[in-house]
Amino acid sequence: MQARRLKQWDREYIWHPFTQMKDWDQVEPLIIDSADGIYLKDIDGKIYMDGVSSLWVNVHGHAQAHIDAALKKQIDKLSHSTLLGLANTPAIELAKRLIGIAPKGLKKVFYSDNGSTAVEIAIKMAYQYWQNIGQKKKIRLVHLSHSYHGDTLGSVSVGGIDLFHKVYRKLIFKTITLKGHGWQAVEELEALLKAKGESIAALVVEPLVQGAAGMRVWPEGVLKKMRALTQKYNVFLIADEVATGFGRTGKMFACEHEGVTPDFLCLAKGITGGYLPLAATLTTQKVFDGFLFDYKEQKTFFHGHTYTGNPLACAAALANLDVFQKERTLAKLSPKIKFLAKSLKMFYNLPSVAETRQRGFMAGIELKGRPEDRIGAKVCQQVRRYGVILRPLGNVIVLMPPLSISIEELDYLLMATYRSIEDCVNKTQE
Ligand SMILES: *Cc1c(COP(=O)(O)O)cnc(C)c1O
C-alpha cells in the first residue's frame, strides 16, 4: 500500500533530472529505501548492486561504519553555521587535510556544494585574477570538445556535449573549443596560445578521462604537455577532477599520474564518500594573492553559497579520508583495476560492442547502434533483472562501482552486464 502510494506521489510531484518525463510514466519507478555496502534496497525489499556508485559519488560503500559514526557525532555538535564571517571546526580541519593530499603547490580551499559550482568558482577566480592584476585582455576560456563541467550556465559555457549544451548556446558566454582529441588537441592548443595567449584566461579540462562524454580516455602525456604549454604562455590550467578525484583513476587525483599541479583543482562527487553535497575549489598562493587589495578597490572575490563549508558535509569528507587510510583503499584497488581490464576484453566477443574504454576504476562499454534506438538505456533496464543498477551515457554502458567492491562482486557486475547486452541484442533481432 505504502509502496503504491510512493510510486503515485513520485509521478505526481517529482521532476527527475536528465530525464524525459514523458517516458517516466511508462516504467515502474524504482524507489530506494535503504542501502548497505555496495547494495541498494528498494521499497519492495529487492536488492540491487550499485554499479555506478549512485552517480559516481560513493567510494567506500553505503552505511560505512566510520563515516556513519562521524556524522552522528557531528550532528550532536553542529549541523550548520556559515563560513561568511565565521569559521567552523570541520571545515578548517578538512581544508588542511585536502591541501595535505592535493598536488604540491595548491594552498587554499574555497568550498561550495556541487561539481558545477566548483568549476564556476574556478572560472570566476581565473577571470577575476587577471582583471584584478590589470591584465584586462585575458578574458577567454578554452575547453575541449565533448567536455562536461556541470549544468549551471558558467559550466555549460565550457561544455562541449551538444545534446546537453546546444540549446543554451545563445545564453552562455563565448569560449574557444579545441576540436581535436588527445595529441591533436595539444597541437591546436599550442597554435592558439602562440597566436592569442595574451587574451586567454584559462584552459579547463577533465584530466585523463572525459567522463560524461562516455569515458573518453586521454593518451598518456597529454595532460603534462598541456600543463607545460599553459605555463609557458601564462594561462591558468583548471583541472576539473569532480569525477576523477578520490581514487577513481587509481591514484587519489588524476593529476598525480603525470606529476601535474594545476592552478585550480575542482573537487566534488567522491569528496564525502558519496554521503552529502560538498565541493571544493583548490588554488595556489599566487591566485589567492591576486585578490589581496584594499577593500575600496573592489577586488574581493564576491562569491559564496549559503551552505559553504557545511560542518556535516565536512565531517563526512574527513571520515572519507580516514577510511582511505585505514582501509588502504588505493592499494587494494590496484588488483581490481587489473581484473576489470582483463574482464573488459571479453566484451569484444559480443558483436554489438564497438569499444571498451577504461582508466583505473572508470570504465565504459560502447555499443553499436543509432542514438535513437537507446540501446544503452535498454541494457541498463535489463540489468536490473540481474539485480544491478547501471546508468548509461547514450550508447555507452558505464561501470563505476564503489571502490570498496570485492573482486567477486565485480565479477558478478561484469557478468550481469555481459548477459544484459546479449539479452537486449537477441531481443532486438527477434
Ligand atoms: C558530475 C560532474 C560535474 C558536475 O557536478 P555536479 O555535482 O553534478 O554539479 C562537473 N564536472 C565533472 C567532470 C563531472 O563529472
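When a residue number appears, it is its place in the shown sequence, counting from 1. Both ligands and their constituent atoms are indexed starting at 1 by order of listing. Everything numeric in this text was worked out from a predicted model, so none of it was measured.
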Next item on the list: Please tell me if the side chains of Met215 and Met400 come closer than 4.5 Å, counting only heavy atoms from C-beta onward.
Entry: yes
Next item on the list: Quick one: do Thr117 and Glu120 satisfy side-chain hydrogen bond (donor to acceptor under 3.5 Å, both in side chains)? Show the steps, please.
Entry: CA-CA 5 Å; Thr117 54; Glu120 296 254 1; over 6 Å; no
Donor-acceptor pairs under 3.5 angstrom involving side-chain atoms of residues 90-108: please list them, not counting sequence neighbours.
unit_1: Arg97; atom_1: NH1; unit_2: Asp322; atom_2: OD1; d: 3.3
unit_1: Arg97; atom_1: NH2; unit_2: Asp322; atom_2: OD1; d: 2.9

Check: Do the rings of Phe236 and Tyr129 sit parallel, tilted or perpendicular, given the 30° and 60° boundaries?
Finding: perpendicular
Check: ligand 1: which residues have a non-hydrogen atom closer than 4.0 Å?
Finding: Trp56, Asn114, Gly115, Ser116, Tyr148, His149, Gly150, Glu206, Asp240, Val242, Ala243, Lys269
Note to self: Check this for me: Lys7, atom NZ, are more than 12 non-hydrogen atoms of other residues, nucleotides or ligands nearer than 6.0 Å?
What the structure shows: yes
Note to self: Can you confirm whether Asp33 sits close enough to Lys41 that some side-chain heavy atom of one is under 4.5 Å from a side-chain heavy atom of the other?
What the structure shows: no
